[in-house]
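Below is one structure, written out as structure tokens, with a few remarks after it.
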Protein chains: 2
Amino acid sequence: MEKYLAVLKEYHFKITPRRKAVLELFLRQKRYLGPYEIKQMLGKASLEVGLPSIYRILEELEGAGILIKIEHSSRRLYYSLCRKPHIDHHHFVCSKCNRVEEVEFCNFSEISSFIEEKLNAKVQHHSLRIEGLCSQCRRKKSL
Amino acid sequence: MEKYLAVLKEYHFKITPRRKAVLELFLRQKRYLGPYEIKQMLGKASLEVGLPSIYRILEELEGAGILIKIEHSSRRLYYSLCRKPHIDHHHFVCSKCNRVEEVEFCNFSEISSFIEEKLNAKVQHHSLRIEGLCSQCRRKKSL
DNA sequence: CTATAAATAGAAATCATTTCTATTTACATT
DNA sequence: AATGTAAATAGAAATGATTTCTATTTATAG
């Protein structure tokens, strides 16, 4: 937690109860969370937070590199905690339990230089979406 | 065009004026197109097509492997023609002119087996989003 | 030519996300 | 510890892409 609060300070974000509560929520989960779900979880802990605030907080935490945004194929937004913010990595998302794993491996530079040579283009961003079953879910055939 | 109509028949889709018109539109463009934009272009050619129909047609053509769906970071849907439907490939999207290029290169199997070993997971899907400037746009500094 | 399943239009609904504004709060600086 | 200020927040309302629904039309198999 302290680590993340330090990052917030670095970015000149104030340490507010809502931001801390959202962070705490993510620290206790290894799966991705959606805005409405977060609102409900905070509500259960007796902290009413408006959806617009949640959207904003999530955006800010993403901007600070604390959360990663997951653009789900359902076209809804989800976020997941970034355990190692400063290392180039991608995320594996379990299609059953929503668990998110960080994958510190990316041979993208090969693809990137292939594209730059072949198309004479300039690659700016890339994002790899990997979906499948995590070790737990692949064992259980049914949920 | 004939090639794509054959694919439609294969999938038991009827050859309708709307579907042909949408296909023609894509055959004349190398960039991605959005539903509303398509409606307007068809309108100029005096073919009024309702937006729900356009959404449906795009979805069907994607299902038949004729178009690829581009989930833009703006969270709007775009589609682009797939020139070589049956080869595993990814798409490079120019952030300036929206041109879409197919990239027949993917060393994903490496990443995939890395993940399956490391996380003991089962990889089901992956999609790589590559964004940058195409050869034309990187030359012109300003639009 | 006809039957019928598929395709379509248009209106309306949906619903995640964003915008706006008044109010409150964190915290740097006294 | 008090205070001023910019940042944070709530809540209502707007937005706008996408989807649903239903009545009507159309492509095409036989």
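By convention in this document, chain letters (A, B, ...) are assigned in the order of the sequence lines, proteins followed by strands, and residues within each chain are numbered from 1.
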Return the value, rounded to whole Å, for the distance between atom [atom1] of [X] and atom [atom2] of [N].
{"X": "A:I70", "N": "C:dA16", "atom1": "CD1", "atom2": "C1'", "answer": "17 Å"}
{"X": "B:E62", "N": "D:dT18", "atom1": "CD", "atom2": "P", "answer": "13 Å"}
{"X": "A:E59", "N": "C:dT17", "atom1": "CD", "atom2": "P", "answer": "11 Å"}

Check your understanding: Hey, does the side chain of B:Y55 come within less than 4.0 Å of D:dT19's phosphate (OP1/OP2), counting only N and O?
Key ->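 For B:Y55, the contact criterion (side-chain N or O under 4.0 Å from OP1 or OP2 of D:dT19) is not met.
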Check your understanding: For D:dA17, does either OP1 or OP2 sit under 4.0 Å from a side-chain N or O belonging to A:R75?
Key ->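 A:R75 to D:dA17 OP1/OP2: no side-chain N or O under 4.0 Å.
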Check your understanding: Axis-to-axis angle across the helix from C:dC1-D:dG30 to C:dT30-D:dA1, five pairs an end, to 10 degrees?
Key ->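 One end axis against the other gives 40°.
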Review point. For A:L47 and A:P17, which heavy atoms make the closest approach, and how far apart are they?
Key: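 Looking at all heavy atoms of both residues, the closest pair is CD2-O, 4.3 Å.
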Without swapping roles, check the side chain of [X] against the backbone of [Y] for a donor-acceptor pair under 3.5 Å.
{"X": "B:S95", "Y": "B:G132", "value": "yes"}
{"X": "A:K39", "Y": "A:V49", "value": "yes"}
{"X": "A:R18", "Y": "A:E48", "value": "yes"}

Practice item. Let me have a per-nucleotide readout for nucleotides 4-16 of chain D, 5' to 3', with B, S or -, counting only protein heavy atoms under 4.0 Å. Key: --BSSBBBB----
Which pairs would a plain distance check flag for residues 51-60 of chain B, meaning a side-chain donor or acceptor within less than 3.5 Å of a matching protein atom at least two apart in sequence or in another chain?
residue, atom, partner, partner atom, Å
B:S53, OG, B:R56, NH2, 3.3
B:R56, NH1, B:E60, OE2, 3.4
B:E60, OE1, B:R19, NE, 2.9
B:E60, OE1, B:R19, NH2, 2.9
B:E60, OE2, B:R19, NH2, 3.2

Exercise for review: Would you please classify the geometry between the B:Y32 ring and the B:Y78 ring as parallel, tilted or perpendicular, with 30° and 60° separating the classes?
Suggested key: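 B:Y78 and B:Y32: tilted rings.
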**Study point:** Atom NZ of B:K20 with >12 non-hydrogen neighbours under 6.0 angstrom
**Key:**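 Counting neighbours around NZ of B:K20, 12 or fewer heavy atoms of other residues, nucleotides or ligands fall under 6.0 Å, so no.
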Practice item. Scan side-chain atoms only and decide if B:H90 and A:H126 contain a donor-acceptor pair under the 3.5 Å cut-off. Key: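 A:H126 and B:H90 do not have a side-chain donor-acceptor pair below 3.5 Å.
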